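Input: a single structure, listed below in C-alpha cells.
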Protein chains: 2
Amino acid sequence: MTDRLSVIFSALADPTRRAILARLAEGEATVTELAEPFDISLPAISRHLKVLEHAGLISRGRTAQWRTSRLEAEPLREATAWMERYRRFWDENFARLDAHLKRLQEEKS
Amino acid sequence: MTDRLSVIFSALADPTRRAILARLAEGEATVTELAEPFDISLPAISRHLKVLEHAGLISRGRTAQWRTSRLEAEPLREATAWMERYRRFWDENFARLDAHLKRLQEEKS
DNA sequence: AAGGTCTTTAACCGATCAGTTAAGTAACGA
DNA sequence: TCGTTACTTAACTGATCGGTTAAAGACCTT
C-alpha cells in the first residue's frame, strides 16, 4: 500500500478526516480549532492531521505556538481523475458532457 | 466507520481492489479470471470481492458454478460528488467550467 | 452416486489503525 | 526564568485488515 492513490483514498476513508477537510475549506485553522467539534483527544486529532499531510491533502505552517493547517486539494484532483475512467458506467449524459468539455478545451487553446 | 462514503473510500484504498475494478470495466468476469493477474490466493480475492460488493461497487450473479462480477459505478459518482465540493481548490478554470455545466443543465430543462 | 470444478467459509496470524493517557517540546508573556 | 498555552511523541490497547491453509458448499458431468 505504498502507492499514492491508496494513501489518498485511505486518508479519505475516515469520517473525522473528511470533516477536518470540510472545515478547512472555510479557511486555515489551528489544531485546537479543528479538534473542537470532535469528542476525541488532541493527540488523536494531531495524528489525523499527520495522515492528511502525508497524503498531501493539507500543508502546515507555524505561527508562534500555533500550527495552522491549510487545504491542498490537488490529491482530490488525482483521485477524481482516476474515477473519471468509470464515468461512462454511471453518467448517462457522459457523451454529451464529454463533448462539452472537449469544446471547452478547444476554446482554451 | 459505518457511513457509506467511508465504506466506498476504504474499498478503493486497496490497489488490488482498484485493479479488479479496472478489469471489470472491460466486462464481467468470474472469480478465477479476476484472480489470474495476482499472486494471492483465491480466498483472498473472494474477500476483496465481498468488500467491493459491500461498497456497492460490484454486483454479483451466478451461472452454474461460476460467480460473475459486474461493475456498478454509482458509488464512484457519490465519491466524486463529495470531492467536487473542493474543486475550486485545485481547478483554476473551475468558474468557467462551472458556467458551462450550468448552461448544459439549462439546455436539458 | 461419485468425482471434478469453482468458490466461499473458518480459523488463524502479523501488521496497521484509531483511540487512549502521560510525558515531552516549543513558543509566548510576565 | 517561570508558568501557560499549543501541540507532538511515546507507549499501550483493542479492533480491523489482508493474507494464509484447510475444509466446506454448490453445481455440473458421467
Side-chain angles (χ1 to χ4, degrees), chain A residues 1-24 27-71 75, chain B residues 1-24 27-71 75:
Chain A
M1 213 277 276
T2 198
D3 65 292
R4 218 168 139 52
L5 272 180
S6 296
V7 171
I8 296 168
F9 280 129
S10 47
L12 296 177
D14 184 280
T16 303
R17 287 194 290 262
R18 287 200 309 279
I20 288 175
L21 294 180
R23 165 65 187 78
L24 290 176
E28 296 195 355
T30 68
V31 179
T32 326
E33 283 166 355
L34 290 173
E36 198 271 322
F38 304 105
D39 201 24
I40 60 181
S41 66
L42 262 176
I45 297 292
S46 187
R47 296 215 305 196
H48 279 309
L49 293 175
K50 197 143 71 173
V51 171
L52 289 171
E53 186 178 22
H54 185 237
L57 284 160
I58 65 172
S59 60
R60 314 192 67 190
R62 183 187 284 288
T63 311
Q65 67 257 227
W66 296 279
R67 312 245 16 217
T68 58
S69 295
R70 173 198 175 83
L71 184 61
Chain B
M1 210 276 276
T2 196
D3 65 293
R4 218 169 139 53
L5 272 179
S6 296
V7 171
I8 295 168
F9 280 129
S10 48
L12 296 175
D14 185 279
T16 304
R17 286 193 291 262
R18 288 200 308 279
I20 289 175
L21 293 180
R23 165 62 189 80
L24 289 177
E28 297 196 354
T30 68
V31 178
T32 326
E33 282 166 357
L34 290 172
E36 197 272 323
F38 305 104
D39 202 22
I40 61 181
S41 66
L42 265 176
I45 297 291
S46 188
R47 295 213 307 194
H48 279 310
L49 293 176
K50 198 145 67 173
V51 171
L52 290 171
E53 185 179 22
H54 186 236
L57 284 159
I58 65 172
S59 59
R60 316 193 67 190
R62 184 187 283 289
T63 311
Q65 67 254 231
W66 294 279
R67 311 242 21 215
T68 58
S69 296
R70 172 198 176 84
L71 184 61

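Chain A is the first sequence line, chain B the second, and so forth, proteins listed ahead of strands; every chain is numbered from 1. Owing to the predicted nature of the structure, the values given are computational and were not obtained by experimental measurement.
Applying the 4.0 Å criterion to OP1 and OP2 of C:dG19, one finds that A:His48 has a side-chain N or O inside that range.
Judged purely by atom type and a 3.5 angstrom limit, A:Thr30 uses its side chain to pair as donor or acceptor with the backbone of A:Glu33.
The minimum heavy-atom distance linking B:Arg17 with B:Ser10 is given by the pair NH2-O, 3.0 Å. Closest heavy-atom contact between B:Ala35 and B:Ile45: CB-CG1, 3.6 Å.
Counting to the nearest Å, the P atom of C:dT5 and the CD atom of B:Glu33 are 17 Å from each other. For the pair A:Arg67 CZ and D:dT9 C1', the interatomic distance rounds to 13 Å; values are reported in whole Å. At whole-Å resolution of the value, CZ in B:Phe9 and P in D:dT16 are 21 Å apart. The interatomic distance linking B:Lys50 (NZ) with D:dC17 (P) rounds to 12 Å, in whole Å. The CG-P distance, from A:Leu49 to D:dA6, rounds to 16 Å in whole Å. The CD1 atom of B:Ile45 sits 16 Å away from the P atom of C:dC6 (whole-angstrom rounding). What separates CG of B:Leu12 from C1' of D:dC17 is a distance of 16 Å, to the nearest Å. For B:Leu34 and C:dC6, the CG to P distance is 14 Å, given to the nearest whole Å.
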Steps toward side-chain contact (heavy atoms from CB on, under 4.5 Å) verdict (A:Leu34, A:Leu24): CA-CA 8 Å; A:Leu34 290 173; A:Leu24 290 176; 3.8 Å; yes

Checking side-chain contact (heavy atoms from CB on, under 4.5 Å) for the pair A:Leu52/A:Arg60: CA distance, chi angles, key distance, verdict? CA-CA 10 Å; A:Leu52 289 171; A:Arg60 314 192 67 190; over 6 Å; no

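Atom OG of A:Ser41 sits about 9.0 Å away from atom CZ of A:Arg47, to the nearest 0.5 Å. A distance of 6.0 Å separates CG of B:Leu21 from CG of B:Leu71, quoted to the nearest 0.5 Å.
Side-chain contact annotation: A:Arg18 with B:Ser6, donor-acceptor N/O pair under 3.5 Å present.
Counting heavy atoms from C-beta outward, B:His48 and B:Ile40 have side chains that approach closer than 4.5 Å.
For the segment residues 55-66 of chain A, the set of residues with a heavy atom within less than 4.0 Å of an atom of DNA chain C comprises A:Arg62, A:Ala64, A:Gln65, in numerical order.
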Tabulate protein N/O versus nucleotide N/O from nucleotides 20-25 of chain C, keeping only pairs under 3.5 Å, one per line.
| residue | atom | partner | partner atom | Å |
| --- | --- | --- | --- | --- |
| C:dT20 | OP1 | A:Ser41 | N | 3.4 |
| C:dT20 | OP2 | A:Ser41 | N | 2.8 |
| C:dT20 | OP2 | A:Ser41 | OG | 2.4 |

